[in-house]
Amino acid sequence: MLLADKLKDLREEAKQPQRRVAAALDIDTATYCKMEKGKYIPNREQVLLLSSFFNIEQEEMIKLWLADKLIDVAKDEDMAQDAFKIANEILTH
């Protein structure tokens, strides 16, 4: 998962324990651990809090979050790429 990998990289670069990031989000450490493993997708508010915590552009984090959500919905669909093309055409017009 794109956001999960980014979160782990950011946390390790900042030399922060998972418990401290979890506390900033007001969640338990186990839930944050699931975020880093891609087993729990945070909500938009949590993504914004994470952006602030790691002092990173909100836009970058939101893009990764949205991409993860799209992938999660479409990953098992045979026509996912075709659906993404249609969605892209609609979004770019």
Rounded to the nearest 0.5 Å, what separates atom CG in Leu66 from atom CG in Leu2?
11.0 Å
Kindly determine whether Glu89 and Lys85 satisfy salt bridge (Lys or Arg N to Asp or Glu O under 4.0 Å), including the steps that lead there.
CA-CA 6 Å; Glu89 288 175 14; Lys85 287 178 187 174; over 6 Å; no
Ile86: hydrophobic cluster co-members (side-chain, 4.5 Å)
Ile90
Within a radius of less than 6.0 Å around CG of Asp82, do more than 12 heavy atoms belonging to other residues, nucleotides or ligands occur?
yes
Considering all heavy atoms, the nearest Ala4-Gly38 contact:
CB-N, 3.6 Å
Using a 4.5 Å cut-off on heavy atoms from C-beta on, say whether the side chain of Arg20 contacts that of Phe53.
yes
Got a sec: does the CD of Gln81 have more than 12 other heavy atoms crowding it under 6.0 Å?
no
Side-chain heavy atoms of Ile27 within contact of Lys34, under 4.5 Å
no
Is the closest side-chain heavy-atom distance between Ile62 and Leu48 below 4.5 Å?
yes
Does Lys8 reach the side chain of Arg11, with side-chain heavy atoms less than 4.5 Å apart?
yes
Any chance you could measure Asp26, atom CG, to Glu45, atom CD, to the nearest 0.5 Å?
10.0 Å
Would you find more than 12 non-hydrogen atoms of other residues, nucleotides or ligands less than 6.0 Å from Asn43 atom CG?
yes
Might you point out which heavy atoms bring Ala80 and Ala74 nearest each other, and give the distance in Å?
CB-O, 3.4 Å
Test side chain to side chain contact (heavy atoms under 4.5 Å, CB included) on Met35 and Val21 and set out the steps.
CA-CA 11 Å; Met35 280 185 198; Val21 182; over 6 Å; no
For the atom pair CG (Asp5) and NZ (Lys37), what is the distance rounded to the nearest 0.5 Å?
13.0 Å
Are Leu7 and Tyr32 side-chain neighbours, meaning at least one heavy-atom pair lies under 4.5 Å?
yes
Report the distance from atom CG of Leu3 to atom CD1 of Ile71, rounding to the nearest 0.5 Å.
11.0 Å
Is it the case that atom CG in Asn88 sees more than 12 heavy atoms from other parts of the structure closer than 6.0 Å?
yes
To the nearest 0.5 Å, what is the distance between CD1 (Ile56) and CG (Leu64)?
8.0 Å
Closest non-hydrogen contact found for Ala24 with Leu49 is O-CD1, 4.4 Å
Residue from Gln46, Lys6, Arg44 passing side-chain contact (heavy atoms from CB on, under 4.5 Å) with Trp65:
Arg44
